[in-house]
Amino acid sequence: MGWSAPWVSSADSDYNRDWGWTREDGEYPGASFYVRTGDDVFLTYVTEGRGVEPLSGFAGYLDRTVFGRQESWEDSPTGWPTGDPHTRNRRHDEYPAE
């Protein structure tokens, strides 16, 4: 996109595990933001769980659909689908091969 801001990945590090976003039972959403001034680095914001939703556009759209997110805790009419939505979200390489 032509942005000049440096982006950093936590790949091949313990960063996500240190924050508790990588656990024995899987990956959990989380985000942290820093600012660097000279040699000093400051944590400016950190969030996890539903606090990460503004970074992902699809959650807000699901909230506005007739079925919503179809979460098990929702008070849905009989016959509406419900369940754990996080079991439906997979990374690109976790879908079955066609």
Side-chain angles (χ1 to χ4, degrees):
M1 298 184 110
W3 295 345
S4 62
W7 290 86
V8 180
S9 171
S10 62
D12 300 323
S13 75
D14 291 331
Y15 188 83
N16 287 353
R17 188 169 295 282
D18 292 345
W19 276 105
W21 302 332
T22 298
R23 304 177 194 163
E24 295 302 319
D25 60 338
E27 298 286 327
Y28 291 81
S32 56
F33 299 85
Y34 296 84
V35 64
R36 180 177 175 175
T37 305
D39 291 333
D40 297 322
V41 178
F42 301 94
L43 174 66
T44 61
Y45 184 77
V46 64
T47 188
E48 60 186 37
R50 288 220 155 146
V52 179
E53 289 177 354
L55 303 174
S56 171
F58 74 90
Y61 287 107
L62 285 176
D63 288 342
R64 287 157 179 83
T65 64
V66 67
F67 288 124
R69 296 189 201 190
Q70 303 174 14
E71 295 189 59
S72 55
W73 57 265
E74 290 184 67
D75 186 17
S76 300
T78 303
W80 281 32
T82 59
D84 183 4
H86 304 292
T87 60
R88 295 188 298 263
N89 298 334
R90 303 179 202 149
R91 292 182 285 271
H92 72 283
D93 59 343
E94 294 176 336
Y95 287 89
E98 294 186 27

side-chain contact (heavy atoms from CB on, under 4.5 Å) involving Val52 - partner list, sequence neighbours excluded:
Pro29, Thr47, Leu55
Is there side-chain contact between Tyr28 and Arg23, with at least one heavy-atom pair below 4.5 Å?
yes
Less than 3.5 Å apart, which donor and acceptor atoms pair up between the side chains of residues 11-19 and the rest of the protein, not counting sequence neighbours?
{"residue": "Ser13", "atom": "OG", "partner": "Ser10", "partner atom": "O", "Å": "2.7"}
{"residue": "Ser13", "atom": "OG", "partner": "Tyr15", "partner atom": "N", "Å": "3.3"}
{"residue": "Tyr15", "atom": "OH", "partner": "Trp19", "partner atom": "NE1", "Å": "2.9"}
{"residue": "Tyr15", "atom": "OH", "partner": "Ser32", "partner atom": "OG", "Å": "2.5"}
{"residue": "Tyr15", "atom": "OH", "partner": "Tyr34", "partner atom": "OH", "Å": "2.5"}
{"residue": "Asn16", "atom": "OD1", "partner": "Ser10", "partner atom": "OG", "Å": "3.3"}
{"residue": "Asn16", "atom": "ND2", "partner": "Ser10", "partner atom": "OG", "Å": "3.2"}

Qualifying side chain to side chain donor-acceptor pair (under 3.5 Å) pairs, either residue in residues 35-45, two or more places apart
none
Single-linkage hydrophobic cluster, 4.5 Å side-chain cutoff, Leu43 and Trp21 together:
yes
Hydrophobic cluster of Val35, others only, ordered by chain and residue number, side-chain cut-off 4.5 Å:
Phe42
